[in-house]
K.L.:
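Structure incoming, see below.
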Amino acid sequence: MAGADRCLFCRIASGEIPAKKVYEDKDVFAFHDINPQAPTHVLVIPRRHIPSLDDLSLSDAATVGTTLVKVAQIARDLHLNSDGYRVVANHGDAAGQTVFHIHFHLLGGRNFGWPPG
Ligand code: AMP
Ligand code: ZN
């Protein structure tokens, strides 16, 4: 697992590695997924390095809560809210997590099946 210094998403949020930015503020960074799974596929991350959901404790509640509120704000800004959208957070191998910096996938622009694959 990458430490914060080598973490891909930390390096994207700092501007060290380029990405198609959607939104940023002092706490949160959002950018288009490089391998989109829907017409709109944005990754929304806290700037603070937290590897995964399994690492969360109550002291992270403000960080994660702020990030999720920004997901909803970005969904409104991209006009995904009227038709609907999906938010996904993968943890671990069974869910297919590949980047160990906590992130929310914001997916929109098509219909989504349930249960998910
Ligand atoms: P997960 O599988 O939930 O860990 O999601 C990681 C996501 O990061 C995948 O959807 C990848 O397509 C995406 N991804 C990996 N590298 C980059 C990158 N350099 N820029 C944008 N998205 C990326
Ligand atoms: Zn990181």
Side-chain angles (χ1 to χ4, degrees):
M1 185 182 303
D5 54 336
R6 302 303 305 160
C7 168
L8 173 64
F9 285 0
C10 282
R11 296 168 82 192
I12 286 176
S14 72
E16 186 187 337
I17 291 178
K20 288 168 67 181
K21 184 177 74 179
V22 174
Y23 173 86
E24 70 174 321
D25 62 29
K26 69 178 180 24
D27 301 311
V28 171
F29 194 89
F31 53 103
H32 289 284
D33 196 293
I34 204 167
N35 182 23
Q37 302 301 311
T40 299
H41 185 169
V42 173
L43 300 173
V44 186
I45 67 171
R47 287 189 185 275
R48 190 157 72 79
H49 182 81
I50 302 169
S52 190
L53 290 173
D54 195 44
D55 298 293
L56 290 176
S57 66
L58 267 182
S59 63
D60 302 310
T63 297
V64 175
T66 298
T67 307
L68 192 51
V69 170
K70 299 296 179 179
V71 170
Q73 178 191 308
I74 292 163
R76 282 192 296 273
D77 290 347
L78 298 177
H79 308 292
L80 300 176
N81 54 319
S82 54
D83 283 349
Y85 57 85
R86 180 163 290 173
V87 178
V88 172
N90 296 316
H91 169 70
D93 289 343
Q97 184 180 10
T98 57
V99 177
F100 289 84
H101 179 126
I102 203 165
H103 52 279
F104 293 109
H105 296 257
L106 169 60
L107 300 143
R110 65 171 173 86
N111 292 329
F112 298 96
W114 193 264

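When a ligand or atom number is given, it counts from 1 through the structure's own listing order.
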K.L.:
Select one of side chain, backbone, both or neither to describe which atoms of Leu43 lie under 4.0 Å from any atom of ligand 1, heavy atoms only.
P.N.:
side chain
K.L.:
Considering heavy atoms of the protein only, find what lies nearest to atom 9 (C) of ligand 1 and give residue, atom and distance to 0.1 Å.
P.N.:
Asp33 OD2, 3.3 Å
K.L.:
Considering just N/O/S atoms, say which atom of His101 is closest to the Zn ion (ligand 2).
P.N.:
ND1
K.L.:
Of the side chain and backbone of His32, name the one, both, or neither that has a heavy atom under 4.0 Å from an atom of ligand 1.
P.N.:
backbone
K.L.:
Lys20: heavy atom below 4.0 Å from ligand 1, yes or no?
P.N.:
no
K.L.:
For the ring pair Phe9 and Phe31, is the centre-to-centre distance below 6.0 Å?
P.N.:
yes
K.L.:
Using 0.5 Å steps for rounding, measure from the CG atom of Leu80 to the OG1 atom of Thr40.
P.N.:
5.0 Å
K.L.:
Provide the number and element of each atom of ligand 1 under 4.0 Å from a heavy atom of His103.
P.N.:
1 (P), 3 (O), 4 (O), 5 (O), 6 (C)
K.L.:
Does Phe9 reach ligand 1, in the sense of a heavy atom lying below 4.0 Å from it?
P.N.:
yes
K.L.:
Test side chain to side chain contact (heavy atoms under 4.5 Å, CB included) on Val71 and Tyr23 and set out the steps.
P.N.:
CA-CA 10 Å; Val71 170; Tyr23 173 86; over 6 Å; no
K.L.:
Show the atoms of ligand 1 that are less than 4.0 angstrom away from any heavy atom in Asn35.
P.N.:
12 (O)
K.L.:
Output yes when Lys70 and Asp27 qualify as a salt bridge under the 4.0 Å nitrogen-oxygen rule, no when they do not.
P.N.:
no
K.L.:
Look at the side chain of Arg110 and the backbone N and O of Gln37, then say whether any donor-acceptor pair between them is shorter than 3.5 Å.
P.N.:
yes
K.L.:
Run the ring-centre check on His103 versus His101 and record whether the distance is less than 6.0 Å.
P.N.:
no
K.L.:
Please test Leu56 against Ile102 for side chain to side chain contact (heavy atoms under 4.5 Å, CB included), starting from the C-alpha separation and ending with a verdict.
P.N.:
CA-CA 10 Å; Leu56 290 176; Ile102 203 165; 4.0 Å; yes
K.L.:
Looking only at heavy atoms, is any part of Phe104 under 4.0 Å from ligand 1, and if so is it the side chain, the backbone, or both, or is it neither?
P.N.:
neither
K.L.:
Does any N or O in the side chain of Gln97 come within less than 3.5 Å of the main-chain N or O of Val99, such that one atom is a donor and the other an acceptor?
P.N.:
yes
K.L.:
Out of curiosity, Phe100 CZ to Asp54 CG, how far, rounded to the nearest 0.5 Å?
P.N.:
10.5 Å
K.L.:
Check ligand 1 against Phe31 and write out every atom of the ligand that is under 4.0 Å from a heavy-atom position of the residue.
P.N.:
21 (C), 22 (N)
K.L.:
Report yes or no: does Ala19 have a heavy atom closer than 4.0 Å to ligand 1?
P.N.:
no
K.L.:
Considering only N, O or S atoms, which atom of His49 is nearest to the Zn ion (ligand 2)?
P.N.:
ND1
K.L.:
Among Val42, Ile34, Ile102, Ile17, whose heavy atom sits nearest atom 14 (N) of ligand 1?
P.N.:
Ile34
K.L.:
Would Thr98 count as being in polar contact with ligand 1, using the rule that some N or O on each side must be under 3.5 angstrom apart?
P.N.:
yes
K.L.:
Can you tell me which residue and heavy atom of the protein come closest to atom 16 (N) of ligand 1, and the distance to 0.1 Å?
P.N.:
Leu8 CD2, 3.4 Å
K.L.:
Would you say Leu43 and His105 make side-chain contact, with heavy atoms under 4.5 Å?
P.N.:
yes
